[in-house]
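Shown next, in structure tokens, is the structure this report addresses.
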Amino acid sequence: MKNKKLYIVAILAIAITSCKKELNEVNINPNAPEVAQPDYLLTGTTKVTADSYWGVTNNMNSSLLFAQHWAKVQYTEEDRFIYSNSSFTALWSTGYAQSIAGFNKIIELGDAQGNANYKAVALVLRSWIFLLLTDAYGDIPYSQAGKIKQFVTPVYDKQKDVYYGLLNDLKSAQAALDPAGKTIAGDVIYGNNIARWKKFVNSLRLRIALRIADKDPAKSKQVIDEIQAEGGAYISSNSENAIFKYDVSPQQNPVAASFETRNDYRISKTIVDKLTSLSDPRLPVYASKTENAPNGYVGIPNGSTNSEASAIGLANSSKPGVYFLDAKAPAVIFSYAELLFDRAEAAARGFTAEDAEDLYKQAIRASFSQYNISGTVVEDYIKQSGVAYNAANYKKSIGEQKWIALFGQGLEAWAEQRRLDYPQLTASVNTVLNGKIPVRFIYPGTEQSLNGQNYKNAVGNQGADLLTTKLWFDAF
């Protein structure tokens, strides 16, 4: 009897195992790869990241308003800084759950396939999204981020440590990138051109070096010296700009997609007034003429109430320019103009022996060229007293012109305005922060419930979780 029972048990075990195997085989999709392909993953993760960076929540409905590039003509609550702890979840959730997770997977696949270039490109893009996160929130999960099997509740690293860690990551990426190495595919930024990625890496390193310059100038100079010692190749023309190229619907620019169904945004009066005062030929690029006569360029004052904005009217205020509303308009990650402004600032601070004024003028020319503006109008513009470089106040000269050049790049324009403190922007009396403009995003409310202790530690280190709490890099 005992043997009979054992026999029955054995038969059942074999049957269950066989059924499980058959079910597993049935559940295998013959048309889907069992292992993620790095090229498809690179394309998809880059697209998700670019959409978040250039889209409504992180760009149009927040940072572009804070930088006073854009304003709201309808539903103006965000332009008066009325937000909740769920308002800023998109950059955080997309950044960690999709961007960083995706780039980490590509790094893993690069290691598995012995392809250092896949690994390095993913490391560069992961560094960029971490930079966006820390510039916006301050202290963030970095060293333990994306390692869900090890750290379900990752610690928040101090902003200083995040910047320094990113500089190390980018230095490693620079060393690993090899134009003569294994090829990659799926790169929709540089078309699999590794030499251009090496220039982009150095440009990001320079951006971060300047981000920390008011807090640790010795470290900034060290980073720039290292770049120069390695060869010092940066983005060197507009053809090398780091951009994500969009296409027609459904792959259109998020700005274009928004204006297909919504009509909530206009160009800010602040930048219209500045461009008008300088007779800046970029105004027709940045802004559309009003629908109603006299068909001019009219910005909406930031912080307008709904009734104030309505009184100006949809047809009597300027949408962003046709260039930015085009479905194929690119998301600009890093431009040649920005790179030249950065080199000008590095020279002005004494970090390099380059000519700060000459680089400043080159930067303005590069910005004009980015929008196909050339000829005597460019040189006439540079000669104006309101544009002339002031070595005694390089932050004002560079800050104001860089702010103009970064139009549309809300997160970067806002970060640089906070760091350089130029242009000096004023909050409307209708805003709710006692005359202040936001200097950070508040953490998503879910962090308090899902990662409570680490959230409390971050707030204890950085300060209250408010829009007005200044971040470590924002020294003045």
Side-chain angles (χ1 to χ4, degrees), residues 67 69 199-200 202-207 209-211 213-214 220-221 224 227-228 232-243 270-286 321 323 332-409 412-413 415-417 419-424:
H69 280 173
K199 291 186 175 185
F200 177 39
N202 283 343
S203 302
L204 276 177
R205 292 165 76 187
L206 179 58
R207 179 192 279 182
L210 292 175
R211 197 76 96 232
D214 285 333
S220 300
K221 188 176 188 311
I224 294 169
I227 295 171
Q228 291 178 326
Y234 295 110
I235 290 171
S236 57
S237 70
N238 279 313
S239 66
E240 296 177 347
N241 288 350
I243 60 174
T270 304
I271 198 163
V272 169
D273 288 352
K274 183 65 174 179
L275 296 175
T276 301
S277 71
L278 295 174
S279 300
D280 196 312
R282 287 169 290 190
L283 179 57
V285 179
Y286 291 0
Y323 174 91
V332 180
I333 299 168
F334 208 120
S335 69
Y336 181 43
E338 180 191 344
L339 185 279
L340 289 167
F341 280 123
D342 287 349
R343 285 173 57 191
E345 183 182 343
R349 288 178 178 270
F351 296 157
T352 71
E354 293 190 291
D355 186 327
E357 181 176 1
D358 180 61
L359 288 165
Y360 168 81
K361 292 177 180 178
Q362 287 186 51
I364 296 172
R365 294 186 187 105
S367 178
F368 278 59
S369 177
Q370 185 176 341
Y371 300 106
N372 299 313
I373 301 171
S374 58
T376 57
V377 65
V378 180
E379 298 309 312
D380 290 344
Y381 178 87
I382 291 173
K383 291 175 184 176
Q384 294 182 85
S385 60
V387 177
Y389 180 73
N390 180 2
N393 193 354
Y394 68 85
K395 283 190 173 184
K396 182 176 187 297
S397 294
I398 293 173
E400 291 183 351
Q401 281 297 320
K402 195 175 195 181
W403 172 73
I404 295 172
L406 289 171
F407 181 82
Q409 293 175 248
E412 186 59 26
E416 287 297 83
Q417 192 280 328
R419 184 179 69 83
L420 293 168
D421 298 303
Y422 287 99
Q424 295 181 338

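In this text the structure is predicted, and so the values were computed from the model without any measurement. Positions are given from 1 along the sequence.
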Problem set entry | Sequence-distant partners of Asp342, side chain to side chain donor-acceptor pair (under 3.5 Å), two or more places apart | Lys402
Seminar exercise, completed: So CD of Glu416 and CG of Asp421: to nearest 0.5 Å the spacing works out to 11.0 Å
Exercise. Do you know the tightest heavy-atom contact between Ala209 and Ile224?
Worked result: CB-CG1, 4.2 Å
Name each donor-acceptor pair under 3.5 Å that joins a side chain in residues 356-363 to protein atoms two or more places apart or in another chain, with its distance.
| from | atom 1 | to | atom 2 | distance (Å) |
| --- | --- | --- | --- | --- |
| Asp358 | OD2 | Gln362 | NE2 | 2.8 |
| Tyr360 | OH | Val387 | O | 2.6 |

Exercise. Can you tell me how far the CD atom of Gln384 sits from the CG atom of Leu278, to the nearest 0.5 Å?
Worked result: 5.5 Å
For this session: Go through the steps for Phe200 and Ile333 under the test side-chain contact (heavy atoms from CB on, under 4.5 Å), then give the verdict.
Result: CA-CA 10 Å; Phe200 177 39; Ile333 299 168; 3.8 Å; yes
For this session: Rounded to the nearest 0.5 Å, what's the gap from CD on Gln228 to CG on Leu206? Could you check?
Result: 9.5 Å
Problem set entry | Closest non-hydrogen atom pair, Ala337 against Ser367 | CB-N, 3.8 Å
Exercise. At what distance, to the nearest 0.5 angstrom, does OH of Tyr336 lie from CD of Gln370?
Worked result: 12.0 Å
Seminar exercise, completed: Residues Lys221 and Gly350: closest non-hydrogen pair is CE-O, 4.1 Å
Problem set entry | Worked check of salt bridge (charged side-chain N to carboxylate O under 4.0 Å, His left out) between Arg211 and Glu412 | CA-CA 11 Å; Arg211 197 76 96 232; Glu412 186 59 26; 3.0 Å; yes
Problem set entry | Euclidean distance, Ile404 CD1 relative to Leu283 CG, rounded to 0.5 Å | 10.5 Å
For this session: Please test Asn390 against Lys396 for side-chain contact (heavy atoms from CB on, under 4.5 Å), starting from the C-alpha separation and ending with a verdict.
Result: CA-CA 8 Å; Asn390 180 2; Lys396 182 176 187 297; 5.8 Å; no
For this session: Please name the pair of heavy atoms, one in Trp403 and one in Ala67, separated by the smallest distance, quoted to 0.1 Å.
Result: NE1-O, 2.8 Å
For this session: Please name all residues satisfying side chain to side chain donor-acceptor pair (under 3.5 Å) with Glu379, sequence neighbours left out, ordered by chain then number.
Result: Arg365
For this session: State, yes or no, whether a side-chain contact exists between Phe407 and Val285 at a heavy-atom distance under 4.5 Å.
Result: no
For this session: Flag the pair Leu339 / Glu240 as yes when at least one side-chain heavy-atom distance between them is below 4.5 Å, and no otherwise.
Result: no
For this session: Determine whether Tyr286 and His69 make a side-chain contact, defined as any pair of heavy atoms from C-beta on separated by less than 4.5 Å.
Result: no
Exercise. Taking all atoms of both residues into account, what is the closest heavy-atom pair of Phe351 and Ser220, and its distance?
Worked result: CE1-CB, 3.7 Å
For this session: For the residue pair Tyr371 and Tyr323, categorise the inter-ring angle as parallel (less than 30°), tilted (30 to 60°) or perpendicular (more than 60°).
Result: perpendicular
Seminar exercise, completed: Heavy-atom nearest pair, Ser279 first then Tyr381, reads O-CD1, 4.5 Å
Problem set entry | Side-chain touch Val332/Asn241, heavy atoms, less than 4.5 angstrom | no
For this session: Would you mind reporting whether Lys274 and Glu400 have side-chain heavy atoms less than 4.5 Å apart?
Result: yes
For this session: Calculate, to the nearest 0.5 Å, the distance between atoms CD and OH belonging to Glu338 and Tyr234 respectively.
Result: 12.5 Å
For this session: Go through the steps to decide whether Leu210 and Arg419 satisfy the test side-chain contact (heavy atoms from CB on, under 4.5 Å), and finish with yes or no.
Result: CA-CA 9 Å; Leu210 292 175; Arg419 184 179 69 83; 4.1 Å; yes
Exercise. Are Phe368 and Asp280 close enough that some pair of their side-chain heavy atoms sits under 4.5 Å apart?
Worked result: yes
